[in-house]
Colleague: 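I am attaching a structure below and will ask some questions about it afterwards.
The chains referred to below are lettered A, B, ... by the order of the sequence lines, with proteins before strands, and numbering in each begins at 1.
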Protein chains: 2
Amino acid sequence: MIRQKPLHVAPRTIMTPGPVEAEPSVLKAMSSTVLGQFDPDFTSVMNEVMVMLRDVLQTGNHWAYPVDGTSRAGIEAMLGSVIEEGDRVLIPAFGRFGFLLKEICERVGGDVKMLTCEWGEVFEPSEIIGEIQAWQPKVVAMVHGDTSTGRVHPLKEIGEACRSNDALFIVDAVATVAGMDVRPDEWCIDGLITGTQKCLSIPSGLAPLTYNDRIEAVIQERKSVEAGIAAAGDPSGHDRRIRSNYLDLSQLQDYWSPKRLNHHTEATAMIYGLHEGLRVILEETLEARFERHRLNEQALTAGIRAMGLELFGDPDAKLTTVTCIRIPEGTDGEAVRRQLLDDYGIEIASSFGPLHGKIWRIGTMGYSCQKRNVLITLNALESVLTHQGCKVHKGTAAQAALEVYHQKKAPEITGIPG
Amino acid sequence: MIRQKPLHVAPRTIMTPGPVEAEPSVLKAMSSTVLGQFDPDFTSVMNEVMVMLRDVLQTGNHWAYPVDGTSRAGIEAMLGSVIEEGDRVLIPAFGRFGFLLKEICERVGGDVKMLTCEWGEVFEPSEIIGEIQAWQPKVVAMVHGDTSTGRVHPLKEIGEACRSNDALFIVDAVATVAGMDVRPDEWCIDGLITGTQKCLSIPSGLAPLTYNDRIEAVIQERKSVEAGIAAAGDPSGHDRRIRSNYLDLSQLQDYWSPKRLNHHTEATAMIYGLHEGLRVILEETLEARFERHRLNEQALTAGIRAMGLELFGDPDAKLTTVTCIRIPEGTDGEAVRRQLLDDYGIEIASSFGPLHGKIWRIGTMGYSCQKRNVLITLNALESVLTHQGCKVHKGTAAQAALEVYHQKKAPEITGIPG
C-alpha cells in the first residue's frame, strides 16, 4: 500500500467557464457536520433550498430542486423523464453542448432532428419556428448559453412557438443562471436545468432544475414506484416507466415533497453548499449580480481589445459570462495556458472540436467574476504573450479595464465573511 | 423574496445505517478551494484517489473510480453499462435493496428473474448456484450486505459458480466496504459498487466502484463517443450504445484515464473528501478497522440483549455494521426514534416494507462506530424506553457493553486532527 500525503490545494484564480472559484462561505457551510436524510432539521434545509431556488430561477413553478449529479445529470433527468421511445425532439445546436443534448436525447430513445449553424453564430428564430411548425416535435431542447462558442440564444420567441404548437421547451441554462437574466416563465420554458459550478459559485456536483405542470403531467403518467417500497395502489413496473431509476424525476419529486418517499441518500454537504450559495445570491440580489457580470465583462473585453487581440463570434450574441478570443497566428495557445497556470496560478480555457486550438475562453462567472481577477488576468496574459514572443500592445490592457471600472465603480463582492 | 438565515447545523450522534457522521478531517478537506477539472494538480488528486481506492477495495483491478452521484448512481452505471435489451439477469434478493437491483435492471432492459427468501434470512448458496446452472443468466446481481434486514450474504461460492458458468457477477457492497472484509478478486466478483456515506465516513454523493477485464470487454463493445468531441475513428451513435450518457462507464473510464476525455465536470469538493477519507482508512489499516467494527458491534449487541430486547434475523448472517432490534409489543417505534432525536440528538433508523414498524436498525459504521457513541446510545435508548413505559432491565445495558470494552480495549478512532 502506498501512503498518500494529506491533500494540499494550491491557490488558483479560475477564469474558465467553470468550474469557477467557490464562494468562501459556501465552502465553510459544506464542512458542517452530517444530518440524517430524514432528520427534520435536514428536511427543513431541503425546503429552504426549494424556496430560494425558485427565486434564483425566477419562476413560479412549484418544482425546483437539485438532482444529485453534475449538470448533465440534471439535463438527462429532465430529457429522460419526458422523452419516450420514438418521440420527436428538435435540437437547434449552436455549439458543443447542443450536441450533448443530441447524445442524451438519442440514448433515451428520442427521434432527434438537428438544426445547426456556424459555431460562433446563433439562429434566426424564424428558422427554428418554421421547423417547429413543419415537424411538430414533442420536445424542443436548446442550450441557452453555449460556453464552447461563448454565445447566448434569445429564447422568448422560440418558447412562444413551442407553446402554441404544443411542444415542450426544455432549456440547458447551465452557463447563464445567476450570471445573466433567465426568465423561464416569461419565455415559456417548460423545463430548465442549471449547474452549481458556474455562476452559482458552488463546487460541481448538483444540477438544480425546475419544471412546470406541463412537464409534471408527462412524468406522472410514467411514474413507477420501486417494488421494495411501493404501497398498495402505487403504479409499478408498467411499460412507459422512465428508463433510469436514478434520474427519474417522478421519484425525485416524491422525495422532495412532504411524502419524502425514500430514493437516494441526499448529498448532505452539497445541499449545505447549495443552501448557502443561493442565500448569498439573493442577498446580493439578482439585479446587482447581473450588473456585476456585465461590468466585469466590459472591463475584460476592453482590455483584450486594447492589447490588440480579437474577439471571436457574433458580438450581438455574446455571452456576458464567457469571452472568446482568437489565438493569434503563430502563437501556441496551449503553451500560453500552461504558463499562465504554472507562473501565475491563473486558469483560462481552450475549446472543443472545430474551435480547439483556435480560441481561448475566459470566464467571468460568480465569485470568480470580480475586478481583481479581471485585472490580474489581463496583466498576466499580456506578460505571458510577450514572454512567448507574441506581439501585443504593451501596457494598454489594464489601463483600458481600469478606465471602465473608474467610469463606473464595480459593485463589491458581497461574500459573507462569517 | 424570503430572506433565509445562514445555515446552522445542530450536533447529532448518527447511529443509522447511513448517512453516518463524517470523518472531521474529510469535512475539512472538502472546504479546500476549487481546482479546475483539468488542472494537473487536480488530475493528480484523481490519480491518487484511484490508487487508494484499489487498496480500500482490496482489488488488483485497474479500474477503480467514483461515479458522481449517490450509491445507486454507481449501481445503475455498472448494471446499465453491462445489461442490454433482453439480457438475462438473476437477482437473489434477501431485502429491500435486492428489489432496487430488480428495479434498475428492468429499467435498463434486462430480462430479470428474482429469487427471494424470508426477510431476515439469507439463501443456501446451492439454491442460487442451481439457478445459475439451469437458467444461464448473463449477469448475476446481488447485494452483499442488505441494511434493510441487517443481513450479509456469503459470496465466494456464488462468484465461483458465476465464473464457471460465464455469468458476470455484480455486487452492491455499499453497506460493507471499509467496515467488513470484502474481497472482489478472491470471490470472483466482476463489478463491485460502494457508497461514501456509510463505512467510508464521507458525506453522501459519490459511488466508488471497481470492475475487471470481463466487464471492461462488454462496455468497450458498447462504447460511443459524443458527437461534439469525437475524433475520426471513434465509435459513435451505434445500436448497442449504453442508454445513459451520464452513467456510461465507457465514457467515465476515458475521463479517469490519461486521455481525460471530457465528460462531466468532476465534483471537486466530493473528490477532496474521498481522497482524505480513503487516506484515513489506509492509515488506520483495514485490519484494525474491521476489528473496531466487530468490537463495537459486540458491545452494542451485548447491551441490547442485557436490556432484554431481542435481535432480529438469522444470527449467522448478521451484518457487523447494522444491528436490527425487534420493537417490543405495545411500543411505538417511531415515538422512541423521535424522542431519541429530540432529547438526545441521537438518530437510529426504522426499516422498509414488511419490516416497517417491526424493527429498529442501529448502524455502527465508520466514524460513527466508536465506543462513546455505542455507550451513549445504549444509555439513551434505555432512558427513552423507560420514559415511554416500555419495560426493560434497568442499568444493565451500559454495564454489559463496558464489560466487552474492558475485556478488550477498543482501538481509538484515528481521525487526523489537522
Side-chain angles (χ1 to χ4, degrees), chain A residues 1-2 4 7 9-10 12 14 16 18-19 21-22 27-37 39 41 48 51-52 55 68-70 72-73 76 96 99-100 102-104 107 197 203-205 226-229 243-246 264-270 272 275-276 279 282 347 352-353, chain B residues 1-2 4 7 9-10 12 14 16 18-19 21-22 27-37 39 41 48 51-52 55 68-70 72-73 76 96 99-100 102-104 107 197 203-205 226-229 243-246 264-270 272 275-276 279 282 347 352-353:
Chain A
M1 289 185 190
I2 297 163
Q4 297 290 345
L7 198 67
V9 177
R12 289 284 187 266
I14 310 187
T16 67
E21 298 168 33
L27 294 176
K28 196 165 176 200
M30 288 179 70
S31 67
S32 305
T33 52
V34 171
L35 288 170
Q37 68 180 132
D39 188 320
D41 280 17
E48 288 173 11
V51 169
M52 292 192 285
D55 285 346
D68 284 16
T70 69
R72 68 172 64 195
E76 184 169 327
R96 182 229 161 153
F99 285 92
L100 174 60
K102 170 179 187 276
E103 190 73 20
I104 293 171
R107 288 188 187 222
Q197 78 282 6
S204 175
E226 286 173 36
I229 55 168
R243 283 182 175 184
S244 171
N245 171 287
Y246 189 66
H264 61 286
T265 301
E266 193 49 52
T268 324
M270 288 302 305
Y272 293 163
H275 186 280
E276 176 60 12
R279 203 189 65 73
L282 295 174
E347 190 185 14
F352 305 98
Chain B
M1 286 185 193
I2 297 163
Q4 298 290 346
L7 199 67
V9 177
R12 289 282 187 266
I14 310 188
T16 68
E21 298 168 32
L27 294 175
K28 196 165 179 198
M30 288 181 69
S31 67
S32 304
T33 52
V34 171
L35 288 169
Q37 68 179 133
D39 188 320
D41 280 15
E48 288 173 11
V51 168
M52 291 192 287
D55 285 346
D68 284 16
T70 67
R72 66 172 66 197
E76 184 169 327
R96 181 229 163 151
F99 285 91
L100 174 61
K102 169 179 187 274
E103 191 73 20
I104 293 171
R107 288 189 187 222
Q197 79 281 6
S204 175
E226 287 173 35
I229 54 168
R243 283 181 175 183
S244 170
N245 172 285
Y246 189 65
H264 62 286
T265 300
E266 194 49 52
T268 324
M270 289 302 305
Y272 293 163
H275 186 280
E276 176 60 11
R279 202 189 65 73
L282 295 174
E347 192 187 14
F352 305 98

Colleague: Please rank S31(A), P203(A), A22(A) by heavy-atom pairs under 4.5 Å with chain B and give me the top one.
Modeller: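 Of S31(A), P203(A), A22(A), S31(A) has the most heavy-atom pairs under 4.5 Å with chain B.
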Colleague: With chain B, which of E76(A), M30(A), E21(A) has the greatest number of heavy-atom pairs at distances under 4.5 Å?
Modeller: E76(A)
Colleague: Could you give the distance from CE (M270(A)) to OG (S204(A)), rounded to the nearest 0.5 Å?
Modeller: 7.0 Å
Colleague: If I measure from the heavy atoms of chain A, does T16(B) come under 4.5 Å with its side chain, its backbone, both, or neither?
Modeller: neither
Colleague: Looking at side-chain heavy atoms only, is the closest gap between L282(A) and M52(A) below 4.5 Å?
Modeller: yes
Colleague: Between D68(B), D41(B), V34(B), which residue shows the highest count of heavy-atom pairs closer than 4.5 Å to chain A?
Modeller: V34(B)
Colleague: Between Y246(B) and chain A, with a heavy-atom cut-off of 4.5 Å, which part of the residue counts as in contact: side chain, backbone, both or neither?
Modeller: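 Answer is both: backbone and side chain atoms of Y246(B) are under 4.5 Å from chain A.
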Colleague: Could you check whether any side-chain N or O of R96(B) sits under 3.5 Å from a backbone N or O of F352(B), counting only pairs where one atom can act as donor and the other as acceptor?
Modeller: no
Colleague: Of all the heavy-atom pairs spanning T33(A) and Y272(A), show the shortest one and how long it is.
Modeller: O-OH, 2.7 Å
Colleague: Checking T70(B) against Q197(B): is there a side-chain donor and acceptor pair closer than 3.5 Å?
Modeller: no
Colleague: As an exercise: rank A73(B), G69(B), S32(B) by heavy-atom pairs under 4.5 Å with chain A and give me the winner.
Modeller: A73(B)
Colleague: Name the member of Q37(A), R107(A), E103(A) that forms the most heavy-atom pairs with chain B at distances under 4.5 Å.
Modeller: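 Greatest number of close heavy-atom pairs with chain B: R107(A).
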Colleague: What residue in T265(A), I104(A), I14(A), T268(A) has the most heavy-atom pairs under 4.5 Å with chain B?
Modeller: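 Greatest number of close heavy-atom pairs with chain B: T265(A).
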Colleague: If I measure from the heavy atoms of chain B, does H264(A) come under 4.5 Å with its side chain, its backbone, both, or neither?
Modeller: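 Its backbone and side chain both get close to chain B.
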Colleague: Measure R12(A) against the heavy atoms of chain B and call it side chain, backbone, both or neither at under 4.5 Å.
Modeller: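 For R12(A), the contact with chain B is made by the side chain alone.
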Colleague: For L7(B), which atoms come within 4.5 Å of any heavy atom of chain A: side chain, backbone, both, or neither?
Modeller: both
Colleague: Using a cut-off of under 4.5 Å on heavy-atom pairs, state which of A29(B), A267(B), G18(B), G205(B) scores highest against chain A.
Modeller: A267(B)
Colleague: Side chain, backbone, both or neither: which part of R243(B) has an atom under 4.5 Å from a heavy atom of chain A?
Modeller: both
Colleague: Where on E226(A) is there a heavy atom nearer than 4.5 Å to chain B: the side chain, the backbone, both, or neither?
Modeller: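 For E226(A), heavy atoms of backbone and side chain both lie under 4.5 Å from chain B.
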Colleague: With a 4.5 angstrom heavy-atom cut-off, is it the side chain or the backbone of E347(B) that approaches chain A, or both, or neither?
Modeller: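 Only the side chain of E347(B) comes within 4.5 Å of chain A.
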Colleague: Give me the atom names and distance for the closest heavy-atom approach of L35(A) to P19(B).
Modeller: O-CG, 4.0 Å
